[in-house]
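A short worksheet on the structure shown next.
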Amino acid sequence: MATANKNLSEYDKATIPNAKNFRFGIVVSEWNSEITEGLFNGAVEALLDCGASEANIVRWNVPGSYELVFGSKKMIATQNVDAVIAIGSVIQGETKHFDFVCSATAQGIKDLNVITDTPVIFCVLTDNNLQQAIDRSGGIHGNKGSEAAIAAIKMAALGN
């Protein structure tokens, strides 16, 4: 497993551009909110730690991970952001719904990265069970939200 030997919350601040002049959008899925709130908190902590101001962080909620693509697209069009972090959590169930939601969300976020000049960071956990999601949203493996925030800062700097 890719995160087994890595803490998702660790980063070397010396290698990250200062985020003070960037504006960030965060689109958060309300589905599995106990997980997505942890991811959101990790992202905001890392952004603030790297110089972003609270005034330059815009949060929008959407019903589920599938809706992250539309929410991110609208945020890019209306909020003058330098990067968007799309936060969601899809946990394997008994049907193929998991596969369809994960695939469509990943493809949609990829498409936004191809067709717009604003980077959209994929911070969607696609876990087999709730414990794996807990472990990656502030648990034993750290916080994927922190990792996504660092990616957002680096990509915002690349675009400017």
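For the single chain, residues carry numbers from 1 onward in sequence order.
A donor-acceptor contact shorter than 3.5 Å links the side chain of Asn113 to the backbone of Val120. Judged by distance alone, the side chain of Asn56 and the main-chain N or O of Asn21 form no donor-acceptor pair under 3.5 Å. The closest donor-acceptor contact from the side chain of Glu67 to the backbone of Pro63 lies at 3.5 Å or more, if one exists at all. Here the side chain of Thr36 pairs no donor or acceptor atom with the backbone of Glu30 at under 3.5 angstrom.
Heavy atoms only, all atoms of each residue included: Trp60 and Val58 are closest at NE1-CG1, 3.9 Å. Minimum interatomic distance between Gly42 and Ser146 (heavy atoms only, all atoms of both residues): O-OG, 3.3 Å. Closest non-hydrogen pair, Val101 versus Ser65, comes out as CG1-CB, 4.2 Å. The two residues Ala156 and Pro119 have their closest heavy-atom pair at N-CG, 4.3 Å. Across all their heavy atoms, Gly142 and Asn7 have their closest contact at CA-OD1, 3.4 Å. Taking all atoms of both residues into account, the shortest heavy-atom contact from Ala43 to Ile26 is CB-CD1, 4.4 Å.
Linking ILVMFWY residues whenever their side-chain heavy atoms come closer than 4.5 Å, directly or via other members, places Val44 and Ile35 in the same cluster. In terms of hydrophobic clustering, with Ile, Leu, Val, Met, Phe, Trp and Tyr side chains grouped at heavy-atom distances under 4.5 Å, Val62 and Val81 are assigned to a common cluster. Note: the hydrophobic cluster containing Leu48 also contains Ile16 (ILVMFWY, side chain heavy atoms under 4.5 Å, direct or indirect links). Cluster membership check: Phe122 does not share its hydrophobic cluster with Val28, using side-chain heavy-atom separations under 4.5 Å among Ile, Leu, Val, Met, Phe, Trp and Tyr. Tracing side-chain contacts under 4.5 Å through hydrophobic residues (I, L, V, M, F, W, Y), one reaches Val90 starting from Ile109; they form part of the same cluster.
Note that the SG atom of Cys123 and the CZ atom of Arg136 stand 12.5 Å from one another [nearest 0.5 Å]. Interatomic distance, Ser33 OG to Leu39 CG, rounded to the nearest 0.5 Å: 11.5 Å. How far NZ of Lys13 is from OG1 of Thr15: 11.5 Å, rounded to the nearest 0.5 Å. Atom CG of Leu125 sits about 9.5 Å away from atom CD1 of Ile87, to the nearest 0.5 Å. Within the model, atoms NZ of Lys144 and CG of Asp135 stand 14.0 Å from one another, a figure rounded to the nearest 0.5 Å. Considering CD of Glu147 and CD1 of Ile85, their distance stands at 11.0 Å, rounded to 0.5 Å.
Around the CG atom of Asp12, the shell of radius 6.0 Å holds more than 12 heavy atoms that belong to other residues, nucleotides or ligands. Other residues, nucleotides and ligands contribute only 12 or fewer heavy atoms inside 6.0 Å of the CH2 atom of Trp31.
When side chains are defined from C-beta on, Leu130 counts as touching Glu34, because their heavy atoms get closer than 4.5 Å. The shortest side-chain heavy-atom distance between Ile134 and Gln131 falls under the 4.5 Å cut-off. With a 4.5 Å cut-off on side-chain heavy atoms, Gln92 and Asn129 do not count as touching.
Legend: residues meeting side-chain hydrogen bond (donor to acceptor under 3.5 Å, both in side chains) with Tyr66, ordered by chain and number and at least two apart, are absent. With sequence neighbours left out, the side-chain hydrogen bond (donor to acceptor under 3.5 Å, both in side chains) criterion links Gln107 to no other residue.
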Compile the donor-acceptor pairs under 3.5 Å between side chains in residues 68-80 and protein atoms, sequence neighbours left out, one pair per line.
{"unit_1": "Ser72", "atom_1": "OG", "unit_2": "Leu68", "atom_2": "O", "d": "2.8"}
{"unit_1": "Thr78", "atom_1": "OG1", "unit_2": "Lys74", "atom_2": "O", "d": "2.8"}
{"unit_1": "Gln79", "atom_1": "OE1", "unit_2": "Arg23", "atom_2": "NH2", "d": "3.4"}

